[in-house]
K.L.:
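Have a look at this one before I ask anything.
Order of the sequence lines fixes the chain letters, A, B, ..., with proteins taken first and strands second; residue numbering starts at 1 for each chain.
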Amino acid sequence: MPELPEVEYTARQLRALIVGAAIQEAHVFWTRTIGYPDWHDFCAEIVGRRIEGVRRRGKFLLLDLSGDFFLSIHRRMSGNLLLLSPGWQIDTSLRETDNAAWQTRGPTFLPPTATDVAYSRETSHCRVCFDLADGRRLLYTDPRKFGRMELWPCFSEAEALHGLGPEPLEDAFTVEHFAEELAKRKTVIKQVLLDQSVVAGVGNIYADEALFYAHIHPLRRANSLNASEIDALREGIISVLALGIEHGGTSFSDYRDLAGKAGNNFDHVRVFQQDGKPCVRCGTLIERRVIAQRSTHFCPTCQQLIAE
DNA sequence: ATTTAGACCTGTCAGC
DNA sequence: TGCTGACAGGTCTAAA
């Protein structure tokens, strides 16, 4: 679900709120969410550690823990983080009465006061819960259960994050590197932008937005782009990601921030899920078509598929 | 060597 | 009202 801007926004919020907090207890409600190590070991190893920092790498959220370990979280399609103030109770009784429902929806979180009831809906589908020593709870919710969480010693960071390309918003994302990667690939550019080893953090929304920015048709072969197109595309990636962060991420259904609030970048999107609406540049109706197994949106006038 | 279906999962919404 | 199919921010694996 979240792409780089959404993860970055979460990281910034979380950094301000939980650095210094200690994990007192870990509850795992859907064991497959824990990718490494085995969930029993995961719980035993993470308990007692202090959160010393919050970082992001591509679409991974990384929590640096005391004792030279770090927790990596990848939310995939529907994963989310929620920070609860002290006083919430966990009700696991559904487990006994209706195990199937419990497996899908997770435990029920009971709010301490009437004003917190507003967040109740966001607490469903909880897969992992960390009880912090100060009484707060950090919840990982994920309706579709695709997301993964892993606990690694710091010296294994390279191994844990293997195959990730450069950070698009850092100096490492040079035109030279980008051009080199594109020249190696004869597949359609849309697919290449989704490849995390080329650039880390771009997903379906921002791939479409970056291509629109650069006037490039999503079906163009990556190795057919000329120098000025590559430059424009790189610029497009950087600017649409930066804009996404500024607007608190793009949310259109279940993406929420740490307090359960939606981001508003969807109001600033130019082509993503805008099919049938007029292009903001030329008025042509935006088209939708499946490319690289993903729904793709573009302006057929601004983004020409020129002969190669 | 690539490209492409299928898996993994649940929720929501449109159409009948 | 209820059922069915399409679709959703991602990534890995197996088959073509």
K.L.:
Output yes when at least one side-chain N/O atom of A:Lys59 is less than 4.0 Å from OP1 or OP2 of C:dT11, else no.
P.N.:
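Checking C:dT11 against A:Lys59, a side-chain N or O does come within under 4.0 Å of OP1 or OP2.
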K.L.:
Any side-chain N or O of A:Ser295 under 4.0 Å from OP1/OP2 of C:dC7?
P.N.:
no
K.L.:
Give one of base, sugar-phosphate or nothing for A:Arg148, where a contact means two heavy atoms less than 4.0 Å apart.
P.N.:
nothing
K.L.:
In whole Å, I'd like the distance from the CZ atom of A:Arg294 to the C1' atom of C:dC7.
P.N.:
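Atom-to-atom, A:Arg294 to C:dC7, this comes out as 11 Å.
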K.L.:
For A:Phe173 and A:Phe178, run ring-ring contact (aromatic ring centres under 6.0 Å, His included): C-alpha distance rounded to whole Å, both residues' side-chain angles, the deciding distance at 0.1 Å, then the answer.
P.N.:
CA-CA 7 Å; A:Phe173 184 43; A:Phe178 191 43; 5.2 Å; yes
K.L.:
Tell me whether A:Phe146 is stacked on the nucleobase of B:dC8, counting only the six-membered base ring and applying the 5.5 Å and 30° thresholds.
P.N.:
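Check passed, A:Phe146 stacks on base of B:dC8.
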K.L.:
I'd like the C1' distance from C:dT11 over to B:dT12, given in whole Å.
P.N.:
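The answer is 23 Å between these two C1' atoms.
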K.L.:
Can you give me the closest heavy-atom contact between A:Phe69 and A:Cys154, atom names plus distance?
P.N.:
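For A:Phe69 and A:Cys154, the tightest heavy-atom pair comes out as N-SG, 3.7 Å.
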K.L.:
Give me the distance, rounded to whole Å, that separates B:dC9 from C:dT4 when you measure between the P atoms they each carry.
P.N.:
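Here B:dC9 and C:dT4 have their P atoms 22 Å from each other.
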K.L.:
Verify the cluster assignment for A:Leu285 and A:Val269: are they in a single hydrophobic cluster under the rule of side-chain heavy atoms below 4.5 Å apart?
P.N.:
no
K.L.:
Tell me the interatomic distance from A:Lys184, atom NZ, to B:dT2, atom C1', rounded to whole angstroms.
P.N.:
15 Å
K.L.:
Round to a whole Å and report the spacing from CZ of A:Arg105 to P of B:dT10.
P.N.:
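In whole Å, B:dT10 P lies 11 Å from A:Arg105 CZ.
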K.L.:
Rounded to whole Å, please give me the gap between CD1 in A:Ile73 and C1' in C:dG10.
P.N.:
16 Å
K.L.:
Parallel, tilted or perpendicular for A:Phe272 and A:His297, by the 30°/60° rule?
P.N.:
perpendicular
K.L.:
May I have the distance from A:Asp142 (atom CG) to B:dC8 (atom P), rounded to whole angstrom?
P.N.:
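Interatomic distance, CG of A:Asp142 to P of B:dC8: 16 Å.
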K.L.:
For A:Arg288, which contact category applies under a 4.0 Å heavy-atom criterion: base, sugar-phosphate, or nothing?
P.N.:
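Result for A:Arg288 = sugar-phosphate.
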K.L.:
Using whole Å, report how far CG of A:Asn223 lies from P of B:dT3.
P.N.:
10 Å
K.L.:
Would A:Arg185 and A:Glu181 pass as an ion pair if we require N to O under 4.0 Å?
P.N.:
yes
K.L.:
Can you tell which of B:dT3, B:dT12, B:dA5 lies closest to the side chain of A:Thr187?
P.N.:
B:dT3
K.L.:
Can you measure A:Trp102 atom CH2 to B:dT10 atom P for me and round it to whole angstrom units?
P.N.:
13 Å
K.L.:
Give a yes/no answer on whether the side chain of A:Lys145 brings an N or O atom under 4.0 Å of OP1 or OP2 in B:dT10.
P.N.:
yes
K.L.:
Between A:Arg56 (side chain) and A:Ala11 (backbone), is there a donor-acceptor pair under 3.5 Å?
P.N.:
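No; zero donor-acceptor contacts below 3.5 Å.
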K.L.:
Reckon A:His125 has a side-chain N or O less than 4.0 Å from the OP1 or OP2 of B:dG11?
P.N.:
yes
K.L.:
For the pair made of CD in A:Gln273 and C1' in B:dC13, what is the distance, rounded to whole Å?
P.N.:
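In whole Å, B:dC13 C1' lies 13 Å from A:Gln273 CD.
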K.L.:
Would you write the dot-bracket representation of DNA chain B, where each base gets (, ), [, ], | or . depending on whether it forms a Watson-Crick or G-U pair under 3.5 Å and with which partner?
P.N.:
.|||||||.|||||||
K.L.:
Please state whether the phosphate of C:dT11, meaning OP1 or OP2, lies under 4.0 angstrom from any side-chain nitrogen or oxygen of A:His74.
P.N.:
yes
K.L.:
Determine the interplanar angle of the A:Phe29 and A:Phe109 rings, folded into 0 to 90°, and report it as parallel if under 30°, tilted if 30 to 60°, perpendicular if over 60°.
P.N.:
perpendicular
K.L.:
Map A:Gln196 and A:Arg144 onto DNA chain C by nearest heavy atom, then report which one ends up closer to the 5' terminus.
P.N.:
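On the 5' side of the pair lies A:Arg144.
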K.L.:
Between B:dA1 and C:dG10, how far apart are the P atoms? Round to whole Å, please.
P.N.:
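Per the computed distance, 28 Å lies between those P atoms.
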K.L.:
What interatomic distance, in whole Å, is found between P of B:dA5 and the corresponding atom of C:dC7?
P.N.:
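Looking at atom P only, C:dC7 and B:dA5 are 14 Å apart.
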K.L.:
Can we say A:Arg75 and A:Asp142 salt-bridge, meaning some charged N sits less than 4.0 Å from an Asp/Glu carboxylate O?
P.N.:
no
